[in-house]
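Computed from heavy atoms alone, side chains included, the values below leave out hydrogens, waters and symmetry copies. So that the names make sense, note that chain A is the first sequence line, chain B the second, and so on, each numbered from 1. As the structure is a computational prediction, the values presented were derived from the model and not from experiment.
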2 protein chains.
Amino acid sequence: MKGARLHLDLFAVFQDLVDTGSFSKAAARNHLTQSAVSQQLGFLERRLGAKLIERGKDRFALTEAGREFLRASWKILQAYGEAESAIRHPGAIGGPLRVEAIYSIGLHALPPYIKSFLTRFPQVRLRTSYITAEQVYEDLIHGHGDVGLVAYPRSHPQLRVLPFQRERLAIACAPGDPLASRKTASLKDLLSRPFVAFERGLPTQKAIEDLVFRRLGTFPRVAAEFDNVETLKRGVEVGLGITILPEPTVVAEVQAGSLACVPFATPAYHRPTGILIRKDQPLSRAGKEFVRWLLPQPRTIKTTKRGQI
Amino acid sequence: MKGARLHLDLFAVFQDLVDTGSFSKAAARNHLTQSAVSQQLGFLERRLGAKLIERGKDRFALTEAGREFLRASWKILQAYGEAESAIRHPGAIGGPLRVEAIYSIGLHALPPYIKSFLTRFPQVRLRTSYITAEQVYEDLIHGHGDVGLVAYPRSHPQLRVLPFQRERLAIACAPGDPLASRKTASLKDLLSRPFVAFERGLPTQKAIEDLVFRRLGTFPRVAAEFDNVETLKRGVEVGLGITILPEPTVVAEVQAGSLACVPFATPAYHRPTGILIRKDQPLSRAGKEFVRWLLPQPRTIKTTKRGQI
DNA sequence: CGCCTTTCATTAGAATAGCTAATAGTTGTA
DNA sequence: TACAACTATTAGCTATTCTAATGAAAGGCG
């Protein structure tokens, strides 16, 4: 590899390299050997005259040049993908689209939307990542990721926030718990048992602490902390304590009988979720369509004032 | 070329192909043979499953797919170029920048700006085209071309217009003409001689006709029409008649003594020129810098209210 | 503490992509 | 009709870019 050519594959491999943090995994994703990936990166670095990935002791860190190159990779593949799709399927909406959501939304609220969206627009090559809220903001701002989904969205100078859903909060407990047989509960019921929490600092955790503290002036003992809904639910199932969760995240367990869910009586509490998009760069057609798909607009209603969807 | 790869060169060659309208010329520009270019285009068309360039009787027309691909090519090369420049020369402003101007601006008002701009930002790969006003609007809207320069700019929903210069209009005539010895002239002086005009429909011509007609109620006999300043001036030099031109476009000929230039006495007339940029897509850093360079802001003044330039 | 596992780097050599050169096939023009 | 100026096609060579094998470095674990 000396005076070599810059294929588009190089950019895709580089993305996967950053994505997976591993030469061999990136190689596998692209049906290549680890050696090929190593040579490709070597070629890029020689060609650009700068290290792109710092791979020393604290394994795998993007350099500033690497970040710059990653941004370009994304733009390039995006541009090509959109054009190819537009040419192959004229009139259809297509091309790549990267959606980043926090775990709880990605695993529960989002799937039905994704399914119907892909049925409607099969030419869109959707790539979803379920990551932490911090990473969602980070990725959106830095140009990876086209659409973000977070809970308790906070505004940011470079991002636009659109309201997505309001998920009703409820108390979740093991099926054997006395609370499980109740029709409704109140915040006070929390105090009698240890609490299974999200990690401190996560937006949902902060909001719940805030809510409970404002209403009760105190907070139950925290039995355990988890960084995502799925493992947190496992904690509740095995009886570590009870918790507050958005209802949509527990419907599967409630149906399966592995968790019980008791809604709040008088004031219903909600977790707002929001859609994030960049302000500066306009969304691709596919991106715009997807956001429209998420927004609570009447799509199935027969008659609307404007006639069409 | 069967299961070939998409190099960045393919996109560059495709641009040149569209640009030159010829396989052999595009090949020459890229140090290739005509055969290679033919194979490349064939590969692209097979790969995308669509004709990109219609090359039949009315030689060389881009198809819809071709236009789509051209747009993508531009975005791709732009993204790569910017990244490469940012990586190779960190902190410097660089990357590709495409400036499109009408002949008269490109040949006279622009060069000093371009020279100083390139001295200041040598990493910018500037590509200028001097074309008709119509093409400037067209190219800007369709995403080729980052910055446009036209006379009598008209607004367009997709374009933003910034005022550039106001060029003083004057009467130009052959050095032997009796008018040549006058200090000033008035519009009435036009009527005594045939007029050398721009082609009908060109903005500058329309504006001049409008001006003369509004003031005099008539228009001198048109001796000849030209589609650009340079040939028009040749017409005046050989005595076809006199004309109205922006002063900056004739300074060279006046100094050389091949043309005379007489300013208007009482009201000075001006030709406004404007900078065009797209509203939707944000300009690259280089583009922003260039526009700032063109705008009449104090760059050399030592003290400003805001401190720094 | 050293062995084993994992990961990236470096070769040489095989596979293949992409070029040139030559030539055939168009189309418009004198 | 022949010519001029294109683009298309083909065969074959060269250079690029893989794979396979191996080396080196580092982390995990008994």
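- Of the charged side-chain nitrogens involved, at least one lies within less than 4.0 Å of a carboxylate oxygen, so that A:Asp19 and A:Arg127 count as a salt-bridged pair.
- When distances run from any side-chain atom of A:Ser24 to the nucleotides C:dC19, D:dA8, C:dC8, the shortest one goes to C:dC8.
- Following rounding to the nearest Å, B:Gln40 (CD) and C:dT20 (C1') show an atom-to-atom distance of 13 Å.
- Under the side-chain contact (heavy atoms from CB on, under 4.5 Å) criterion, B:Leu202 pairs with B:Phe198, B:Glu199, B:Gln205, not counting sequence neighbours.
- For the pair B:Glu45 CD and D:dT9 C1', the computed distance is 15 Å after rounding to whole Å.
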Audit row: A:Phe290, A:Phe121, ring pair (Phe, Tyr, Trp, His ring centres under 6.0 Å) steps and yes/no: CA-CA 9 Å; A:Phe290 185 70; A:Phe121 301 110; 9.7 Å; no
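- Counting only heavy atoms from C-beta on, A:Gln34 has its side chain closest to C:dC8 among D:dT7, C:dC8, C:dG18.
- Distance check: A:Gln158 CD to A:Ile141 CD1 gives 5.5 Å after rounding to the nearest 0.5 Å.
- Protein atom NE2 of A:His31 is 19 Å distant from nucleotide atom P of D:dT17, rounded to whole Å.
- If you measure from atom CZ of B:Phe23 to atom C1' of D:dT9, you get 13 Å, rounded to the nearest angstrom.
- Taking every side-chain heavy atom of A:Ser38 into account, C:dT10 is the closest of D:dA8, C:dA17, C:dT10.
- When the side-chain nitrogen and oxygen atoms of A:His7 are compared with OP1 and OP2 of D:dT17, one or more of them lie within a distance under 4.0 Å.
- To the nearest angstrom, P of C:dA15 lies 15 Å from CZ of B:Arg5.
- Rounding to whole angstrom units, CG of residue B:Leu41 and C1' of D:dT9 are separated by 14 Å.
- The CD1-C1' distance, from A:Ile53 to C:dC8, rounds to 11 Å in whole Å.
- Which of D:dC6, C:dT11, C:dC19 sits closest to the side chain of A:Gln39 comes down to C:dT11.
- Distance CG (B:Asp9) to P (C:dG18): 10 Å, rounded to an integer number of Å.
- Here C:dA21 is the nucleotide among C:dC8, C:dA21, C:dG18 with the atom lying nearest to any side-chain atom of B:Ser35.
- Partners of A:Thr33 under the side-chain hydrogen bond (donor to acceptor under 3.5 Å, both in side chains) rule, at least two apart in sequence or in another chain, do not exist in this structure.
- If you check C:dG18, C:dC19, C:dT10 against the side chain of B:Leu32, the one that comes closest is C:dC19.
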